[in-house]
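So you know, we letter chains A, B, ... as the sequences are listed, proteins then strands, and number each from 1. Values reported hereafter were calculated over all heavy atoms of this structure, with side chains retained and with hydrogens, waters and symmetry mates removed.
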2 protein chains.
Amino acid sequence: MSQVNIKKLAAALGLSTSTVSRAFRNNNDINPQTKERILQMAETLGYSPNIYASNLRESKSKTIAIIIPEFGNNFFSQAIKGIEQQARANGYHTLIYVTEDDVNQEAAFVRALCNGRVEGVVMSASGEGLKHSHLSMLKEKKVPLVFFDRCYEDVDATCVTGNDYDSSYAATRHLIENGCKRIVYLVVNKKISIGKIRMQGYRDALKDAGVPYDETFVIECTNDKDEIYATLKDAMNRLKPDGAFASVERLAMASLRLCQNEGINIPEDFKLICFSCLEIADMLNPPLSTVKQPAFEMGEKAAEVLFEALSRREVITKKQLIYLPSIIIPRKSTTFINR
Amino acid sequence: MSQVNIKKLAAALGLSTSTVSRAFRNNNDINPQTKERILQMAETLGYSPNIYASNLRESKSKTIAIIIPEFGNNFFSQAIKGIEQQARANGYHTLIYVTEDDVNQEAAFVRALCNGRVEGVVMSASGEGLKHSHLSMLKEKKVPLVFFDRCYEDVDATCVTGNDYDSSYAATRHLIENGCKRIVYLVVNKKISIGKIRMQGYRDALKDAGVPYDETFVIECTNDKDEIYATLKDAMNRLKPDGAFASVERLAMASLRLCQNEGINIPEDFKLICFSCLEIADMLNPPLSTVKQPAFEMGEKAAEVLFEALSRREVITKKQLIYLPSIIIPRKSTTFINR
DNA sequence: TTGTACGCGTTATCAA
DNA sequence: TTGATAACGCGTACAA
């Protein structure tokens, strides 16, 4: 690829390759003048050290990987931003891998990363947390791993996450306090970590308020837009709920659209609250009550933990949970207040 | 990093490193049984070929870079998705670099990529397109470059972009047809490619409709949320516009919020249309008229062009524009129709 | 302060 | 079908 290498540069200057090499490091074992001369010539010849040779030589890549289940929603966008910023501050490059909610994809990515391609991994889990053999590879290879948002219960690693149980409890309670009696829980997969934890908050809030829990009020959806819509429409007709707590933004949006199309009035006939990082939730019709996670901060913190481990040359093995609190922002979709 | 290398694996099997190496390629110059034996042992020892040694040896990295001005908005998220998908389909990894609209950052990234780190670059330009010296480095290094959305006029490379002039003309015309006479153009930087082209569409539409162009109706904003709001508020008070064409989503959202706060009725008192990839534009209050770019397809196409060049081992030098048409979706924010 | 020489882990070439 | 060897480009002991 690169035609001019350290040898040619050295030859052009009548120097040895080691001297040239030194010019590009920050050691001061080189004459400042020759260093200047070398850098000058490098500029004109268009030389810069081959990164992969350096990586090989130093067995370092200055690269981390981000593995996430999906891409393009507000939560992950902001989280990635936080990770990226930390990475850049530490002089690291970032590789992004999207699993499309497929654990096998996740495993494939992890395997492909074990050859030293990255020095660390920041990840939001795609699967249900039962099999983690693909992650033990990372430990074997001494590649530190930090989870954010979604983690595997049986993997020993730090996880930066929201206080999902508390927020879900509070969100459900908020619906109850505003008069809801038939509350559905909208979830993509009730078995994965966040879907499960959030459901527990929902259930306990119901229980504590003396509202009986009905399994059929847990509406499991897919990731397909049309299927979601159909599932919700069916649930609305069958169950006649007066409120919904959505575990992810997408399901709330579908509900909103459904209500608009079907002429169901929010919040009069139906109240809605959901986990969301949407910055324009207040501009929706009606303004949408949300549980807002600190997405950027989560990414930032996860990366921070990773780089700390990296700097101490240690693999994180102890299971540790770091909670970053979400906040509930009530808006018109659950209340009768003006906005 | 990786403790077990090809030598140890070879030793453990009583084979040579070359034979082991062959087991991991798809050539059939190896006995299927020994291959099986090798892969088995690799599994138990946890061996996989060091990627950087391979990269060095083959002078290939199977990696491309995406360089974009900002991260987290719908347009770029979707575009990245398109690029990513193509990359994965071609067996490539993806490095993402965000310049925060800073050309110097862009230059720094490009320089850092010239050592063979990536085989190609997909980029949306951050600057104004006057100085491109940092990009000529790529050409020297024979690293193909493909622009999407925003390109530099003076750089010879393929650019996959929208038909921005036409869409802007049509959007402005749409406002005029709906009765607007005092239309402001909201832009972040009127000198960069898209800001400029879109402004030309705006100007020409005004001219053709016999509406005089007034320079003070071009409102230049920054990227800071609060500054945007203040700028818009001031403009509203001073100019009393009855319509706005926003070149980017963020400015339209700020306008929407401003109108809500100030009690300005949309569309009665003020009409609004903007470039946006927001999927929930129809759920805003009021539903927002948009010029929708095919973001995903743009990314996809740009990557496609790149991989084509890569497969032909050629650097793209001819300047070529590939247009992917945007569509105008009129909604309530510019008309009196119901949605 | 500079140069020599070796090895990082791989793969391609050639010979067996 | 397999093995020995050289080279990819660089950085670092060590020697000068």
Side-chain angles (χ1 to χ4, degrees), chain A residues 1-39 41-42 45-63 112-119 141-142, chain B residues 1-39 41-42 45-63 112-119 141-142:
Chain A
M1 185 109 327
S2 162
Q3 305 94 322
V4 42
N5 56 24
I6 199 171
K7 272 186 204 160
K8 287 188 192 157
L9 181 53
L13 286 157
L15 290 171
S16 76
T17 59
S18 32
T19 311
V20 173
S21 177
R22 277 186 265 261
F24 288 91
R25 342 240 86 250
N26 281 333
N27 308 340
N28 47 1
D29 54 353
I30 184 175
N31 185 323
Q33 289 173 19
T34 46
K35 177 169 178 175
E36 192 46 49
R37 215 156 55 88
I38 292 170
L39 294 180
M41 183 62 91
L45 260 59
Y47 167 82
S48 55
N50 179 298
I51 209 68
Y52 294 118
S54 304
N55 286 352
L56 176 57
R57 179 61 230 253
E58 305 189 68
S59 56
K60 271 183 187 163
S61 64
K62 284 279 178 187
T63 305
L113 289 173
C114 282
N115 14 38
R117 187 185 285 275
V118 297
E119 294 179 31
K141 301 286 184 173
K142 310 230 181 295
Chain B
M1 186 107 328
S2 163
Q3 306 94 318
V4 41
N5 57 24
I6 198 170
K7 272 185 203 161
K8 288 188 192 158
L9 181 53
L13 286 157
L15 291 170
S16 76
T17 60
S18 8
T19 311
V20 172
S21 177
R22 276 187 267 260
F24 288 91
R25 346 238 85 252
N26 279 334
N27 307 341
N28 47 2
D29 53 353
I30 183 174
N31 186 322
Q33 289 172 19
T34 48
K35 177 169 178 176
E36 193 46 50
R37 215 156 55 88
I38 292 171
L39 293 180
M41 184 63 91
L45 261 57
Y47 167 81
S48 56
N50 179 300
I51 208 69
Y52 294 118
S54 302
N55 286 352
L56 175 58
R57 180 58 228 249
E58 305 189 68
S59 57
K60 270 182 188 166
S61 64
K62 284 281 181 185
T63 305
L113 289 173
C114 283
N115 14 36
R117 189 184 285 275
V118 297
E119 293 178 32
K141 300 287 183 170
K142 310 230 181 295

Undergrad: From CG of B/Asn26 over to P of C/dA12, roughly how many Å is that when rounded to an integer?
TA: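 Rounded to whole Å, this separation is 12 Å.
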Undergrad: Please give, in whole Å, the distance from D/dC10 P to A/Lys60 NZ?
TA: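 Value for this atom pair: 18 Å.
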Undergrad: Report the residue (A/Ser21 or A/Lys7) whose heavy-atom-nearest nucleotide on DNA chain D is the more 5′ of the two.
TA: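 Going by which nucleotide is closer to the 5' end, it is A/Lys7.
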Undergrad: In whole Å, I'd like the distance from the CD1 atom of A/Ile6 to the C1' atom of D/dG11.
TA: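 After rounding, the gap between these two atoms is 8 Å.
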Undergrad: Side chain of B/Glu58: nearest nucleotide among C/dT10, C/dA12, D/dT12?
TA: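 So the nucleotide nearest the side chain must be C/dA12.
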Undergrad: Which atom pair, heavy atoms only, marks the closest approach of B/Arg25 to B/Glu58?
TA: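 Taking B/Arg25 first and B/Glu58 second, the nearest heavy atoms are NH2-OE2, 4.3 Å.
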Undergrad: Enter the distance from A/Tyr52:OH to B/Arg117:CZ here, rounded to the nearest 0.5 Å.
TA: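 Answer rounded to 0.5 Å: 6.0 Å.
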Undergrad: Give a yes/no on whether any side-chain N or O of A/Tyr52 is located under 4.0 angstrom from OP1 or OP2 of D/dG11.
TA: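 No, no such contact exists.
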Undergrad: Quick check for you: to the nearest 0.5 Å, what is the distance between B/Asn55 atom CG and A/Leu56 atom CG?
TA: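 Atom-to-atom, B/Asn55:CG and A/Leu56:CG are 10.0 Å apart.
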Undergrad: Within this structure, what is the CG-to-P distance between A/Asn5 and D/dA7, rounded to whole angstrom?
TA: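 A/Asn5 atom CG is separated from D/dA7 atom P by 14 Å.
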Undergrad: Write down the distance between CG (B/Asn115) and P (D/dC8), rounded to a whole number of angstrom.
TA: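 My rounded result for the distance is 18 Å.
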Undergrad: Whole-Å distance between D/dC8 P and A/Asn55 CG?
TA: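 Going from A/Asn55 (CG) to D/dC8 (P), I get 19 Å.
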Undergrad: Show the atom names and distances, to 0.1 Å, of all donor-acceptor pairs under 3.5 Å that link a side chain in residues 13-23 of chain B to residues at least two apart or in another chain.
TA:
unit_1: B/Ser16; atom_1: OG; unit_2: B/Ser18; atom_2: N; d: 3.4
unit_1: B/Ser16; atom_1: OG; unit_2: B/Ser18; atom_2: OG; d: 3.2
unit_1: B/Ser16; atom_1: OG; unit_2: B/Thr19; atom_2: N; d: 3.3
unit_1: B/Ser16; atom_1: OG; unit_2: B/Thr19; atom_2: OG1; d: 3.1

Undergrad: Let me confirm one number: the CD1-CD distance from B/Ile38 to B/Glu36, rounded to the nearest 0.5 Å.
TA: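 Separation between the atoms: 10.0 Å.
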Undergrad: Which heavy atom of A/Leu45 sits nearest a heavy atom of A/Ala12, and at what distance?
TA: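 So the two residues come closest at CD2-CB, 4.2 Å.
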Undergrad: What's touching nucleotides 2-6 of chain C from the protein side, N or O pairs under 3.5 Å?
TA:
unit_1: C/dT2; atom_1: OP1; unit_2: A/Thr34; atom_2: OG1; d: 3.4
unit_1: C/dT2; atom_1: OP2; unit_2: A/Asn31; atom_2: N; d: 2.8
unit_1: C/dT2; atom_1: OP2; unit_2: A/Thr34; atom_2: OG1; d: 3.0
unit_1: C/dG3; atom_1: OP2; unit_2: A/Ser16; atom_2: N; d: 3.1
unit_1: C/dG3; atom_1: OP2; unit_2: A/Ser16; atom_2: OG; d: 3.1
unit_1: C/dG3; atom_1: OP2; unit_2: A/Thr19; atom_2: OG1; d: 2.5
unit_1: C/dG3; atom_1: N7; unit_2: A/Arg22; atom_2: NH2; d: 2.7
unit_1: C/dG3; atom_1: O6; unit_2: A/Arg22; atom_2: NH1; d: 3.4
unit_1: C/dG3; atom_1: O6; unit_2: A/Arg22; atom_2: NH2; d: 3.2
unit_1: C/dT4; atom_1: O4; unit_2: A/Ser18; atom_2: OG; d: 3.2

Undergrad: Check the distance between D/dT1's C1' and B/Arg25's CZ and give it to me in whole angstrom.
TA: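 B/Arg25 atom CZ is separated from D/dT1 atom C1' by 17 Å.
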Undergrad: What's the shortest heavy-atom distance between B/Leu9 and B/Tyr47, and which atoms?
TA: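 Shortest heavy-atom contact: CD2-CD2, 3.4 Å.
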Undergrad: Quickly work out the A/Arg117 CZ to C/dT10 P distance and round it to whole Å.
TA: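 Checked: the CZ to P distance equals 14 Å.
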